[in-house]
Undergrad: 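Take this structure first; my questions come after.
Every number for a ligand or one of its atoms is a count from 1 in the order of the listing. A quick note: this is a predicted structure, and the numbers were derived from the prediction, not measured.
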Amino acid sequence: MKRDGPLAGKCAFISGASSGIGAAAARVFCRDGAAVMLVARREEKLRALTHELRAAGYEAEFTTADVVRGAEVAAAVERTLACFGRLDLAFNNAGAAAPQVPLHETADELYDLIMDTNVRGVWNCMRYQIRAMLPRGGAIVNTSSTAGLVATPVAAPYVASKHAVVGLTKAAAAEYAARGIRINAIAPGSTRGEMLDDWLERQPGAEELIRSATPLPRLADPEEIAEAAAWLGSDRASFVVGATVPVDGGWTVR
Ligand SMILES: NC(=O)c1ccc[n+]([C@@H]2O[C@H](COP(=O)([O-])OP(=O)(O)OC[C@H]3O[C@@H](n4cnc5c(N)ncnc54)[C@H](OP(=O)(O)O)[C@@H]3O)[C@@H](O)[C@H]2O)c1
């Protein structure tokens with residue numbers, strides 16, 4: 001097994017690992033020396049990525065779980081402990097996007113889907129991960145968004161949900177830092193992948209608008225976001241606690 005790099009010896013749980021930023025994180029964390037447990041709902045995607053990583057000489061396992069359901073998250077954390085004997089690093093990245101619908105026309109079902117996935121999902125993950133990490137410490141990185149820092153032009157529940165991730169991150173970071181668990185968040189800007197590609201298809205002209213509003217005028221590749229998560233989760237970020245790090249090409253600087 002290849003286990004060299006800044007995450008050498010660490011066992012990582014990655015939610016939303018079946019595509020986009022989470023799948024990129026699986027590759028980056030493995031390259032940096034971690035063993036990874038890949039978690040999402042689409043089994044075939046997880047299986048294919050696990051095979052790819054193993055074929056490259058890395059240590060990877062997968063398990064399906066819906067992060068909205070606490071019992072499924074608990075089982076995924078248990079499986080991580082059963083496979084690796086420990087949990088050192090968690091990247092809570094599963095999330096649902098929302099089309100830009102006027103707030104007063106937004107259905108309750110959309111509100112529930114977004115808040116349940118993005119907020120309850122992180123809540124469920126942290127609760128069970130923290131229990132598993134308390135005996136030996138660890139690091140947690142949650143995925144917020146530029147929509148967790150300012151009101152981006154997406155549906156209001158998405159903006160609210162990603163602000164809530166920042167709040168949950170700060171609260172948990174303050175509570176557990178002295179007990180050896182560092183908790184931080186990243187706030188990605190517009191990043192290539194299924195989620196953004198779907199959204200851009202429904203918003204003609206949006207890609208050009210994003211570019212023109214970004215000091216570094218392009219979209220991110222998922223790997224660029226994963227690199228920030230890997231750093232925050234590594235011991236190289238040992239004094240970073242409760243931060244939300246924008247990874248957005250400067251989109252939120254003005
Ligand atoms: N792309 C962007 O521009 C951007 C910008 C800022 C923040 N973000 C955030 O970055 C994260 C990853 O997004 P992405 O761009 O990589 O999009 P993506 O490719 O659509 O990935 C979303 C991931 O979340 C998983 N997921 C969704 N609902 C889930 C649930 N209930 N239970 C378990 N897993 C679930 C999906 O897997 P399954 O469908 O297989 O379950 C998928 O692996 C999200 O939190 C998103 O809000 C993205």
Side-chain angles (χ1 to χ4, degrees), residues 13-28 36-50 62-73 75-77 90-100 112-125 141-150 152-155 157-166 168-169 185-201 203 206-207 210-211 213-214 218-226 228-229 244-249 251-252:
F13 175 115
I14 303 173
S15 80
S18 57
S19 60
I21 294 167
R27 297 184 180 102
V28 167
V36 293
M37 174 62 74
L38 310 182
V39 183
R41 294 165 303 178
R42 287 172 295 176
E43 185 169 355
E44 277 319 306
K45 293 230 171 211
L46 295 177
R47 188 187 308 281
L49 181 53
T50 302
F62 73 90
T63 188
T64 55
D66 182 336
V67 294
V68 175
R69 301 173 193 277
E72 294 187 21
V73 175
V77 171
F91 182 33
N92 297 325
N93 165 78
Q100 190 175 15
D112 288 344
L113 170 74
I114 298 300
M115 296 300 276
D116 271 351
T117 310
N118 297 356
V119 187
R120 191 184 298 279
V122 169
W123 169 254
N124 281 336
C125 286
V141 182
N142 297 320
T143 301
S144 177
S145 167
T146 49
L149 302 173
V150 296
T152 60
V154 293
Y158 186 82
V159 174
S161 72
K162 291 300 187 178
H163 275 71
V165 171
V166 173
L168 274 177
T169 300
I186 53 169
S190 300
T191 306
R192 296 232 166 259
E194 285 176 24
M195 183 179 281
L196 187 71
D197 294 346
D198 282 357
W199 186 82
L200 289 175
E201 255 176 45
Q203 314 278 335
E207 183 165 345
I210 292 168
R211 284 178 198 277
T214 310
R218 63 175 177 81
L219 279 60
D221 286 327
E223 292 71 24
E224 294 178 285
I225 311 300
T244 298
V245 177
V247 193
D248 65 355
W251 198 84
T252 48

Undergrad: State, without any angle test, whether Thr169 and Asn142 hold a side-chain donor-acceptor pair at a distance under 3.5 Å.
TA: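 Yes, because at least one side-chain N or O of Thr169 sits under 3.5 Å from a partner of the opposite role on Asn142.
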Undergrad: So, do Pro153 and Gln203 sit near enough that their side-chain heavy atoms are less than 4.5 Å apart?
TA: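 The answer is no; the side chains never approach within 4.5 Å.
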Undergrad: Taking the non-hydrogen atoms of Ala65, is any one of them nearer than 4.0 angstrom to ligand 1?
TA: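 Yes.
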Undergrad: What do we get for Lys162 next to ligand 1 when only non-hydrogen atoms under 4.0 Å count, side chain, backbone, both or neither?
TA: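 The answer is the side chain.
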Undergrad: Return the residue, atom name and 0.1 Å-rounded distance of the protein heavy atom closest to atom 21 (O) of ligand 1.
TA: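 Ranked first by proximity to atom 21 (O) of ligand 1 is Ser19 OG, 3.3 Å.
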Undergrad: Taking the side chain as every heavy atom from C-beta outward, state whether Leu219 and Leu200 have any pair of such atoms under 4.5 Å apart.
TA: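 Touching, per the 4.5 Å side-chain cut-off.
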Undergrad: Could you tell me whether a side-chain N or O of Asp66 sits under 3.5 Å from a main-chain N or O of Val68, the two making a donor and an acceptor?
TA: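 Yes; at least one donor-acceptor contact below 3.5 Å.
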Undergrad: Considering only non-hydrogen protein atoms, determine which one is nearest to atom 3 (O) of ligand 1 and report residue, atom name and distance to 0.1 Å.
TA: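 Result: Thr191 N, 2.8 Å.
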Undergrad: So, 4.0 Å and heavy atoms of Ser190: is ligand 1 close enough to count as a contact?
TA: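 A heavy atom of Ser190 does come that close to ligand 1.
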Undergrad: May I ask you to check whether over 12 heavy atoms, not counting those of Trp199, lie within 6.0 Å of atom CH2?
TA: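 Yes, enclosed.
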Undergrad: Could you tell me which atoms of ligand 1, counted from 1 in the order shown, lie closer than 4.0 angstrom to a heavy atom of Gly20?
TA: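 Near Gly20, the atoms of ligand 1 are 16 (O), 19 (O).
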Undergrad: Note the single closest protein heavy atom to atom 25 (C) of ligand 1, along with its residue, its atom name and the distance in Å.
TA: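 Result: Gly16 CA, 3.6 Å.
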Undergrad: Distance to 0.1 Å, residue and atom name: give those for the protein heavy atom nearest to atom 32 (N) of ligand 1.
TA: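 Its nearest protein heavy-atom neighbour is Val67 N, 2.9 Å.
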Undergrad: Mark the output for Trp199 as yes if a heavy-atom distance to ligand 1 is under 4.0 Å, and as no if none is.
TA: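 False for this residue.
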Undergrad: Which atoms of ligand 1 are found less than 4.0 Å from any heavy atom of Asn93?
TA: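 Counting from 1, the qualifying ligand atoms are 10 (O), 11 (C), 12 (C), 44 (C), 45 (O).
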Undergrad: Answer yes or no: does an N/O atom from Val68 fall short of 3.5 Å to an N/O atom of ligand 1?
TA: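 No; every N/O pair is 3.5 Å or more apart.
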Undergrad: Considering non-hydrogen atoms of the protein only, which is the closest contact for atom 16 (O) of ligand 1, and what is the distance?
TA: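 Looking only at protein heavy atoms, the one closest to atom 16 (O) of ligand 1 is Ile21 N, 2.7 Å.
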Undergrad: Can you find a heavy atom in the side chain of Val159 that is under 4.5 Å from one in the side chain of His163?
TA: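 Side chain of Val159 against side chain of His163, heavy atoms only: contact under 4.5 Å found.
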Undergrad: Taking only Lys NZ, Arg NE, NH1 and NH2, and the carboxylate oxygens of Asp or Glu, determine whether Arg192 and Glu207 approach each other closer than 4.0 Å.
TA: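 Judged by the 4.0 Å cut-off on N to carboxylate O distance, Arg192 and Glu207 do form a salt bridge.
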Undergrad: Backbone, side chain, both or neither: what part of Thr117 comes under 4.0 angstrom of ligand 1, heavy atoms only?
TA: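 Contact part for Thr117 vs ligand 1: side chain (C-beta onward).
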Undergrad: Judged by atom type as modelled, is there a donor-acceptor pair below 3.5 Å linking the side chain of Asn118 to the main-chain atoms of Lys162?
TA: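 Side chain of Asn118 to backbone of Lys162: no pair is present.
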Undergrad: Which of the numbered atoms in ligand 1 are below 4.0 angstrom from a heavy atom of Gly95?
TA: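 The atoms of ligand 1 under 4.0 Å from a heavy atom of Gly95 are 22 (C), 24 (O), 27 (C), 44 (C), 45 (O).
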Undergrad: May I ask you to list the atoms of ligand 1 that are less than 4.0 angstrom from any heavy atom of Tyr158?
TA: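 Contacts of ligand 1 toward Tyr158, numbered from 1: 7 (C), 8 (N), 9 (C), 46 (C), 47 (O).
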Undergrad: For Gly189 and ligand 1, answer yes if some heavy atom of the residue is under 4.0 Å from a ligand atom, otherwise no.
TA: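 It does, in that a heavy atom of Gly189 comes within the 4.0 Å cut-off of ligand 1.
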Undergrad: What atoms of ligand 1 come closer than 4.0 angstrom to any heavy atom of Asp66?
TA: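 With Asp66 as reference, the close atoms of ligand 1 come out as 30 (C), 31 (N), 32 (N).
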Undergrad: Looking at atom 20 (O) of ligand 1, what's its closest protein heavy atom, distance included?
TA: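 The closest heavy atom on the protein side is Met195 CB, 3.5 Å.
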Undergrad: How about Gln100 and Tyr158: do any of their side-chain heavy atoms sit closer than 4.5 Å?
TA: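 Not in contact.
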Undergrad: Would you check whether Gly22 has a nitrogen or oxygen atom less than 3.5 angstrom from a nitrogen or oxygen atom of ligand 1?
TA: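 So ligand 1 has no N or O lying under 3.5 Å from an N or O of Gly22.
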Undergrad: In the protein, what heavy atom is nearest to atom 35 (C) of ligand 1, and what distance, to one decimal place, separates them?
TA: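 Result: Ala94 CB, 3.6 Å.
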Undergrad: Does the side chain of Phe62 come within less than 4.5 Å of Leu49's, by heavy atoms?
TA: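 The answer is no; the side chains never approach within 4.5 Å.
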Undergrad: With a 3.5 Å distance limit and no angle check, can you tell me whether Ser144 reaches the backbone of Ile186 through a side-chain donor-acceptor pair?
TA: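 Judged by distance alone, no pair lies under 3.5 Å.
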Undergrad: Ligand 1 and Ser18, any nitrogen or oxygen pair closer than 3.5 angstrom?
TA: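 Yes: some nitrogen or oxygen of Ser18 is under 3.5 Å from one in ligand 1.
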Undergrad: Give me the nearest non-hydrogen protein atom to atom 10 (O) of ligand 1 as residue plus atom name, then the distance to 0.1 Å.
TA: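 Residue, atom and distance for the closest contact: Thr143 CG2, 3.3 Å.
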Undergrad: May I ask whether Ser144 has any heavy atom positioned less than 4.0 angstrom from an atom of ligand 1?
TA: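 Checking ligand 1 against Ser144, which is what was asked, there is a heavy-atom contact under 4.0 Å.
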